[in-house]
Amino acid sequence: LLLLLTSKITALSALTAPSKSMNPSVAPKLIVFDLDATLWSPELYTLRKIAKLGRAPRPGVDVKLYPDVMKIFEVAATEFPDTRLAIASRTDKG
């Protein structure tokens with residue numbers, strides 16, 4: 001079973017409350033996350049101007065995780081221990 005999650009992080013909040021009666025045989029084998037505008041903000045291509053200023057983007061200042069991201073990862077790790085997490089991302093912005 002491939003579970004593709006590419007919508008906004010609020011749409012992923014269902015993972016934060018898994019059913020206690022979930023059958024492990026129906027747990028997803030793979031959860032795929034998009035990155036920009038799903039796990040964090042802003043889209044990273046917009047930070048190139050910071051690099052031109054001679055510094056790296058600062059976590060939590062220039063790039064911020066959406067509020068439920070860490071909880072979703074924690075729940076995925078504890079409730080779905082055999083499920084792999086992956087990322088899929090691309091940009092056509094120069």
Side-chain angles (χ1 to χ4, degrees):
L1 172 64
L2 173 63
L3 180 57
L4 180 59
L5 301 173
T6 58
S7 60
K8 298 280 187 230
I9 199 69
T10 53
L12 300 176
S13 62
L15 285 177
T16 62
S19 167
K20 296 295 181 196
S21 62
M22 179 173 281
N23 180 343
S25 67
V26 297
K29 297 210 185 301
L30 176 68
I31 300 173
V32 181
F33 294 92
D34 189 10
L35 298 175
D36 292 351
T38 300
L39 298 181
W40 60 61
S41 179
E43 293 187 35
L44 294 187
Y45 80 90
T46 65
L47 300 177
R48 291 186 184 139
K49 61 184 173 241
I50 291 174
K52 290 179 183 177
L53 296 174
R55 69 172 181 86
R58 296 166 293 174
V61 176
D62 300 310
V63 179
K64 296 179 183 176
L65 289 176
Y66 287 114
D68 291 333
V69 169
M70 293 308 296
K71 182 168 182 160
I72 289 169
F73 287 159
E74 290 167 10
V75 169
T78 57
E79 297 292 326
F80 308 120
D82 296 326
T83 298
R84 291 179 175 248
L85 301 181
I87 57 172
S89 190
R90 69 175 206 94
T91 185
D92 59 359
K93 308 272 194 289

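Every value quoted in this text rests on a predicted model; they were computed, and no experiment measured them. Quick note: numbers below take in every heavy atom, side chains included, and nothing from hydrogens, waters or symmetry partners.
Annotation: the span from Lys71 atom NZ to Leu65 atom CG amounts to 15.5 Å, rounded to 0.5 Å. Distance check: Thr38 OG1 to Glu43 CD gives 9.0 Å after rounding to the nearest 0.5 Å. Between Arg48 atom CZ and Thr46 atom OG1 the span is 9.0 Å, to the nearest 0.5 Å. Between Ile72 atom CD1 and Glu79 atom CD the span is 13.5 Å, to the nearest 0.5 Å. Atom CZ of residue Phe80 and atom CG of residue Asp82 lie 11.5 Å apart, to the nearest 0.5 angstrom. The CG atom of Asp62 sits 10.5 Å away from atom CG of Leu44, with the distance rounded to the nearest 0.5 Å.
Applying the side chain to side chain contact (heavy atoms under 4.5 Å, CB included) rule to Ser41 yields the partners Tyr66; only residues at least two apart in sequence or on another chain are considered. For Arg84, there are no salt bridge (Lys or Arg N to Asp or Glu O under 4.0 Å) partners two or more places apart in sequence or in a different chain. Applying the side chain to side chain contact (heavy atoms under 4.5 Å, CB included) criterion to Leu85, with sequence neighbours excluded, gives Ile31, Phe33, Phe73, Ala76. Every residue two or more places apart in sequence or in another chain was checked for a side-chain hydrogen bond (donor to acceptor under 3.5 Å, both in side chains) with Arg90, and none qualifies. Taking Ala51 as the reference, nothing meets the side chain to side chain contact (heavy atoms under 4.5 Å, CB included) condition, with sequence neighbours excluded.
Of all non-hydrogen atoms in Pro42 and Asp36, the two that sit nearest each other are O-OD1, 4.2 Å. Taking both residues in full, the closest heavy atoms of Asp34 and Ala88 are given as OD1-O, 3.1 Å, listed atom of the first, atom of the second, then distance.
Hydrophobic clustering (ILVMFWY, side-chain heavy atoms < 4.5 Å, transitive): Met70 and Val61 are in distinct clusters.
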